[in-house]
Amino acid sequence: MNKLTIADLDVKGKKILLRVDFNVPLNENHQVADSTRILSALPTIQYLLKGGARLIILSHLGRPKGKPVDDFSLRPVAEVLGDVLKQQVFFSPALLGPVAQTAIDCLKEGDCLLMENVRFYPEEEKNDVQFSKELASLADLYVNDAFGTAHRAHASNVGVAHYFDNAACGFLIENELSYLENLIRSPESPFCAIIGGAKVKDKIQVVGNLLGKADDILIGGGMAYTFLKAKGGNVGNSILDEESADLVTETFARAAKQGKTIHLPVDHVIAESFSDNVPTQTVDGHIPDGFMGLDIGPKTIANFRTIIDKANTIFWNGPMGVFEMNSFQQGTFSIAEGMASSSAVTVVGGGDSVAAVNRINRADDMSHVSTGGGASLELLEGKKLPGIEALAEKKNGA
Ligand code: AMP
C-alpha cells in the first residue's frame, strides 16, 4: 500500500472532508437496520476527532437518482453515529450553500458533522467538475474511507480528490487494500479461491485473473451449471448464463494451459422448482430433466472442505446455493464453517457470503471480511479502482 494515509496528515484544527460508505439498510420506520458499515468507519472517525479535526462527513445512501428522497435521508445515521461515538453528531440537510457553510463554520475541534446524501445531487454520479470543486472548497483536507464505492468514479470519491494535494485514505481502505492486494501479489500457497453466486458474467473475469495466482479454483452456486454444461454435463433446468458460455470454455482452456484445476460440483441438491417448500433430492453427476440444482451436495462439500483444509490462503465470494432458503443452505454454511475453522489467511467478500458468515456467527474467525463486494471483485480482476487511484501517493520517506 503506497497511498498516503490519515496517519501521514496533520489534522489538528483542520476542516476535513471525509467520504465514508454509510449505505446502510433502513427498516420501514427509517431506522438503521444494520450498523456494520457505520462501525467499520469508526476507527478513522475516532482517530480524526481525537486528533482535533473538524470533521465533515460525506456518504451516499441507496439510489435516490439525483434528487432528494426522504426515504434515503442520512439523518437516521447521524443519530446512530452519535450514539456509538458518545457525542453529538450535527447534521446538515444541504451539502452546499449557506446552510452547509454555517454548519461547517460552527464546527469546533473534535466536532463531527454529517452532510445529507451526496446522491441527492445529480452531479455526484456524473463526477461533475464544478460540483467536485465546490465540495473541495468546504475543507482543508480530504480523506476517503469508502471502500464500498471505490470502484465507482463519482464526485465525492474521485472528482473532489483532485483538488487536494494530500488526498489520503482512512484505516478501512488501508486495511482492505492490505488484505486484497496481498491475495494477488504474494498469497501464501496453496491459495484456494472459492467463487459462487448466480451470475457468471460478474465473476468470470475474477476467475480468469485468479487462475494466474490461485492453486485451486472452486466453483459453486448457480454459476457452476454454465461450467458443467460447457463440460458436456446435463444440468436439467438449472440456471444458465448462455451468453458467458464461450468465456467459460476459454477459461477452461486457459486453466489447462496453466496447469490449474477448476473444481466443480460432483453432486447436487435438486428440486423441481425454485422454492423452499418442494421435495428435494441429492443426485450425483447429471441433473435429470425437469429438475434444477439449487445447492452443492455432500460429496462436493467434502471435496471442497479437503481443499480448504490444505490451503494457506483462501478467498471466497458468492454462495454455493440458494442459501436464503433452508433446504439449500448447507453448502454455503459448510464453506463458511470450513474457512472459519482454518488457520489460513481467510478473506470473504460479497454481500451474500458476508451475510452467510454472519448467520453462523463466524465473522470474527475470518482474517478479513470485506466491506466492498463489487470493489473487492474488481481489485481481484486486476482492475484499478478509481476511488483509490485518485488518492495521493506516499511521499519519499513518509
Ligand atoms: P450473485 O449476485 O451472482 O453473487 O448471486 C447471488 C445469488 O445467487 C443468491 O441470491 C443465491 O440465492 C443465488 N444462487 C446461488 N446458487 C444458486 C443456484 N444453484 N440456482 C439459482 N440461484 C442460485
Side-chain angles (χ1 to χ4, degrees), residues 15-42 44-46 48-49 53-107 111-128 130-132 134-139 142-150 152 154-160 170 172 351 371-374 387:
K15 283 181 282 180
I16 298 194
L17 201 56
L18 170 67
R19 174 59 157 103
V20 297
D21 180 0
F22 281 168
N23 185 24
V24 293
L26 299 176
N27 64 21
E28 61 279 8
N29 300 320
H30 298 284
Q31 286 158 339
V32 176
D34 179 342
S35 53
T36 308
R37 287 197 162 134
I38 300 173
L39 300 178
S40 305
L42 269 194
T44 293
I45 294 173
Q46 283 170 325
L48 292 171
L49 293 176
R54 293 186 282 155
L55 200 53
I56 307 156
I57 302 183
L58 303 179
S59 177
H60 73 284
L61 175 64
R63 292 170 190 252
K65 303 203 172 120
K67 42 183 189 333
V69 179
D70 280 350
D71 285 355
F72 296 119
S73 172
L74 277 163
R75 199 182 278 277
V77 175
E79 281 170 37
V80 174
L81 182 61
D83 289 345
V84 287
L85 285 173
K86 298 190 179 61
Q87 74 173 67
Q88 182 171 9
V89 169
F90 302 101
F91 181 75
S92 170
L95 260 188
L96 300 167
V99 170
Q101 200 53 58
T102 308
I104 291 169
D105 291 343
C106 290
L107 288 177
D111 277 352
C112 182
L113 169 69
L114 177 63
M115 311 299 273
E116 185 55 286
N117 194 341
V118 286
R119 288 198 189 160
F120 283 2
Y121 297 75
E123 298 92 339
E124 162 66 1
E125 292 186 68
K126 292 184 189 140
N127 196 10
D128 181 83
Q130 185 56 31
F131 182 68
S132 301
E134 286 177 41
L135 284 180
S137 72
L138 299 177
Y142 174 77
V143 174
N144 185 2
D145 213 17
F147 182 71
T149 34
R152 310 268 180 234
H154 293 166
S156 66
N157 74 327
V158 172
V160 69
L172 176 64
T371 55

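Note that the coordinates shown come from a computational prediction; the quantities given were computed from them, not determined experimentally.
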What are the two closest non-hydrogen atoms of [X] and [Y], and how far apart are they?
{"X": "A100", "Y": "M115", "value": "CB-CE, 3.7 Å"}
{"X": "V80", "Y": "S35", "value": "CG1-CB, 4.3 Å"}
{"X": "P122", "Y": "G66", "value": "CD-O, 3.1 Å"}
{"X": "L107", "Y": "F90", "value": "CD2-CD1, 4.3 Å"}
{"X": "S156", "Y": "Y142", "value": "O-OH, 2.7 Å"}
{"X": "A78", "Y": "V89", "value": "O-CB, 3.6 Å"}

Decide yes or no for [X] and [Y]: does some side-chain heavy atom of the first lie under 4.5 Å from some side-chain heavy atom of the second?
{"X": "T102", "Y": "D105", "answer": "no"}
{"X": "I56", "Y": "I16", "answer": "no"}
{"X": "L58", "Y": "L18", "answer": "no"}
{"X": "R19", "Y": "S59", "answer": "yes"}
{"X": "V24", "Y": "D34", "answer": "no"}
{"X": "V143", "Y": "L17", "answer": "no"}
{"X": "P93", "Y": "R75", "answer": "yes"}

### Query
So, T149 and D21: side-chain donor and acceptor under 3.5 Å apart, yes or no?
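No, no side-chain donor-acceptor pair sits under 3.5 Å.
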### Task
Check whether the side chains of S92 and E116 place a donor and an acceptor atom closer than 3.5 Å, and report yes or no.
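No, no side-chain donor-acceptor pair sits under 3.5 Å.
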### Query
Can you name the ring-ring contact (aromatic ring centres under 6.0 Å, His included) partners of Y121, sequence neighbours left out?
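Partners of Y121 under the ring-ring contact (aromatic ring centres under 6.0 Å, His included) test: F131.
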### Charged N-O contact under 4.0 Å between K67 and E125
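Judged by the 4.0 Å cut-off on N to carboxylate O distance, K67 and E125 do not form a salt bridge.
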### Task
Identify whether the distance between the nearest side-chain nitrogen and carboxylate oxygen of D111 and R54 falls below 4.0 Å.
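Here D111 does not pair with R54 in a salt bridge, since their nearest N and O are not under 4.0 Å apart.
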Atom [atom1] of [X] and atom [atom2] of [Y]: how far apart are they, to the nearest 0.5 Å?
{"X": "F120", "Y": "D70", "atom1": "CZ", "atom2": "CG", "value": "7.0 Å"}
{"X": "H154", "Y": "R119", "atom1": "NE2", "atom2": "CZ", "value": "5.5 Å"}
{"X": "Q46", "Y": "L55", "atom1": "CD", "atom2": "CG", "value": "11.5 Å"}
{"X": "T371", "Y": "L39", "atom1": "OG1", "atom2": "CG", "value": "12.0 Å"}
{"X": "F91", "Y": "L114", "atom1": "CZ", "atom2": "CG", "value": "6.0 Å"}
{"X": "L138", "Y": "L96", "atom1": "CG", "atom2": "CG", "value": "5.5 Å"}

### Task
Using atom types as modelled and distance alone, determine if a side-chain donor or acceptor of N23 lies under 3.5 Å from a backbone N or O of G62.
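Such a contact is found between N23 side chain and G62 backbone.
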### Task
Keeping the roles fixed (side chain from N117, backbone from L61), state whether a donor-acceptor pair exists under 3.5 Å.
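Flag set: sc N117 to bb L61 pair under 3.5 Å.
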### Task
Report the C-alpha distance between L81 and I45 in whole Å, list the side-chain angles of each, state the deciding distance to 0.1 Å, and finish with yes or no for side-chain contact (heavy atoms from CB on, under 4.5 Å).
CA-CA 10 Å; L81 182 61; I45 294 173; 4.1 Å; yes
### Task
Assess whether atom NZ of K126 is packed by more than 12 heavy atoms of other residues, nucleotides or ligands within 6.0 Å.
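For K126, atom NZ is not crowded (no more than 12 foreign heavy atoms under 6.0 Å).
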